[in-house]
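All values below were derived from every heavy atom in this structure, side-chain atoms included, with hydrogens, water molecules and symmetry-related copies excluded. Read the numbers this way: they start at 1 and go in the same order the structure lists the ligands and their atoms.
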Amino acid sequence: MNAGDLFDNPQSRAAMRHAELCRQIAAHDVAYHVNDAPDISDAAYDALRREVEEIEVQYPDLITPDSPTQRVGYSTKSTPFQKVVHSRPMLSLGNAFDDQDVRDFYGRVAKFLGVQPDDIVVMAEPKIDGLSCALRYEDGILVRAATRGDGVEGEDITANVLQIPDIPRQLKGTPPKVLEVRGEVYMRRADFQDLNMRQQAAGDKIFANPRNAAAGSLRQLDSRITALRPLRFFAYAVGDVSGAIATSQSGLRQALADFGFTISMPAQLCETVADTLAYYTEVMQNRPDLPFEVDGVVYKVNDMAWQDRLGSVGRAPRWAMAHKFPAEQAVTILRDIQIQVGRTGALTPVAILEPIAVGGVVVARATLHNEDEIARKDIRIGDHVMIERAGDVIPKITAVIMEKREPSSIPFVFPDHCPVCQSYAPRVEDEVVRRCAGGLVCAAQALERLRHFVSRDAFDIVGLGEKSLEEFWDRGLIRTPADIFTLQEQDKGSLTPLRSWPGWGPQSAQKLFASIDDRRNIALDRFIYALGIRQVGQVTAKRLAAYYRSYTAWSDAMIAGDDALQSIQDIGPAVAADITAFFAEPNNVALLTDLAGHLTIADHVMVARGDSPLSGKTIVFTGTLTLITRDEAKARAEKCGANVTGSVSRKTDYVVVGADAGSKRAKAIEFGVTLLSEEDFRDMSQSGTL
Ligand code: IVH
């Protein structure tokens with residue numbers, strides 16, 4: 001036999017694989033249990049363990065006391081805590097991953113006891129993801145608390161446990177002389193998030209999940225730190241007891257509750273396998289709504305005499321089993337980053353993934369939130385990424401597996417143009433999103449914008465409701481606002497004229513054309529509002545119309561990038577930036593020109609209020625007003641039908657000069673604008689029928 005044969009032999013190959021798996025699992029165990037920082041997903045870890053189990057079934061000789069199948073948890077040898085030897089080993093649980101595994105569990109129990117599977121009543125409880133802990137009470141007083149450790153020896157965490165409000169220092173009722181209660185220390189999801197926020201603010205360690213946060217908080221050498229962490233405890237079993245307290249698992253839960261413990265909910269006594277599986281499905285469906293993280297459910301044979309007879313094998317009791325939920329995390333490859341354009345023009349990156357099962361469903365897309373998120377995590381096309389799915393929430397990418405990155409990968413460059421219409425997509429100051437500025441020309445937004453265009457406060461085209469607009473859109477007849485005004489012409493030459501469409505007739509078609517014609521004359525402010533420029537609502541549209549008076553004056557000023565924009569009342573830098581962005585996009589200017597060609601846009605007429613001399617005038621206030629406040633003066637001027645602006649131009653009618661007026665006063669003189677004193681203004685604003 002040569003060396004090659006030695007390794008080709010299936011048994012030696014299995015032995016090598018077994019040794020490798022044991023080494024890997026041991027390393028992951030240290031990361032998880034000792035450092036409270038997992039370096040692999042739960043699902044991947046479970047898969048390694050299962051592989052070991054499968055090898056050991058085939059080659060039982062490979063089972064050693066060190067095998068992960070024989071060990072529970074982690075060795076306490078290298079941790080700084082006092083050691084505690086458990087009175088009875090703290091076991092772990094065997095795992096079921098599907099319905100068949102659960103039926104097999106019933107089958108094994110029935111066979112062992114010599115009963116029928118139907119005879120077995122099971123107590124089902126949620127499996128909360130925390131860390132197990134044993135609490136020893138003597139004469140009803142808490143005397144010692146320990147972590148599970150390797151199941152035989154744990155760490156003394158008594159001082160820390162005393163900081164957990166859920167854990168009674170003294171039991172209620174009449175407990176046995178010695179009572180060891182076992183249960184799970186955990187953290188609620190909301191508390192975990194708050195904690196991480198505080199940690200981040202303080203520049204401290206961020207925890208990967210509630211379990212690690214709970215473990216890291218409980219295994220503190222300084223119990224004052226534990227006291228600051230929102231830990232909770234629920235009881236699910238007993239260890240050493242000096243007298244029986246129950247004959248069933250359900251009775252045990254009741255007894256624990258009576259002693260003052262919180263027990264895990266929602267729990268259910270299941271009479272049949274079908275009940276058990278229904279419970280599993282129910283908890284899984286409610287999973288996102290539960291305040292704590294559950295990674296599965298636990299089934300326990302309810303009869304405690306049967307539990308005793310069943311005993312345990314290896315690291316797990318024969319009478320209990322964990323039924324795990326499908327992993328909510330998985331690693332897959334990011335194939336592409338696509339940019340979607342929403343109805344409001346927001347550019348949203350979407351991850352296109354190599355499809356993979358996560359939490360029981362196949363995931364092929366995930367959200368990437370926004371440009372900054374991609375940059376912050378340095379997510380690149382081709383990366384191996386960790387994806388997470390919680391309940392019905394859209395899956396998200398939580399991390400990049402940097403070790404697996406291809407050396408040739410390049411950082412992702414977020415586009416600054418809309419992928420749908422190629423318009424410029426600027427990022428407005430203070431916003432994380434980029435938005436396509438081509439609102440009315442962009443197919444992704446156009447329908448939404450058209451709806452706005454024809455709506456009551458805009459063009460108010462009767463007969464062009466949501467439904468019919470969509471129909472015209474689908475048939476390609478209306479794609480831009482200008483198309484509305486050529487609809488009748490288009491219809492004339494059509495082989496399928498509107499009057500022949502289902503739901504339409506000669507009369508309704510004629511009515512629609514008439515109501516469109518009705519709107520060829522439009523007021524400037526309505527026209528501006530109808531364009532749906534971001535942040536330009538009715539009030540802003542009115543202000544713009546009042547300031548510029550005519551369509552040509554307005555559009556010329558906008559195309560030229562008028563600095564005066566920001567001096568108009570209620571128009572701040574953000575609104576001004578949105579208007580500027582609209583006009584900076586050539587597509588929009590072309591569309592406006594096209595549209596305006598079909599319309600008569602009426603100049604803005606100031607609504608005359610009575611016969612006030614200020615009505616219809618443009619006024620600028622400057623200097624310090626002494627008779628009334630600037631705000632009141634403005635309000636009064638507007639009430640008189642005046643248009644108040646912030647900067648002086650040739651179009652300004654009056655400049656009201658307060659004390660210490662400076663450059664605006666000088667400008668007014670330069671332009672020959674009439675100056676008013678505060679008193680003049682007071683008199684003028686009081687005359688007329690207000
Ligand atoms: S009973 C001998 N019940 O899951 C039976 N364990 O994977 C001991 N766990 O070590 C466990 N919720 O830390 C039981 N309702 C529950 C549980 C539960 C969570 C933990 C516990 C255990 C681990 C096994």
- prompt: Can a donor-acceptor pair be found between the side chains of Asp104 and Gln100 at a distance below 3.5 Å?
  reply: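 Judged by distance alone, the side chains do pair up.
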field: Donor-acceptor side-chain pairing of Ser87 and Glu180 below 3.5 angstrom
entry: yes
- line: Quick note, side chain to side chain donor-acceptor pair (under 3.5 Å) partners involving residues 54-63, not counting sequence neighbours, are His18-Glu56, Glu56-Ser67, Glu56-Thr69
query: Is there any ring-ring contact (aromatic ring centres under 6.0 Å, His included) pair reaching into residues 94-141, and which pairs are they, with sequence neighbours excluded?
result: Tyr137-Phe261
Kindly list each side-chain donor-acceptor pair under 3.5 angstrom involving residues 19-26, sequence neighbours excluded, with atom names and distances?
residue	atom	partner	partner atom	Å
Glu20	OE1	Arg23	NE	3.3
Glu20	OE1	Arg23	NH2	3.4
Glu20	OE2	Arg23	NH2	2.9
Glu20	OE2	Gln24	NE2	2.8

task: Might you list the protein residues in contact with ligand 1, defined as having a heavy atom under 4.0 Å from one of its atoms, sorted by chain and number?
output: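 Leu91, Ser92, Leu93, Glu125, Pro126, Lys127, Ile128, Ser132, Arg148, Glu184, Phe234, Tyr236, Val298, Lys300, Pro317.
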- prompt: Using the ring of each side chain (for Trp, its six-membered ring), is Tyr280 parallel, tilted or perpendicular to Phe325, with breaks at 30° and 60°?
  reply: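 Judged by the thresholds at 30° and 60°, the geometry between Tyr280 and Phe325 is tilted.
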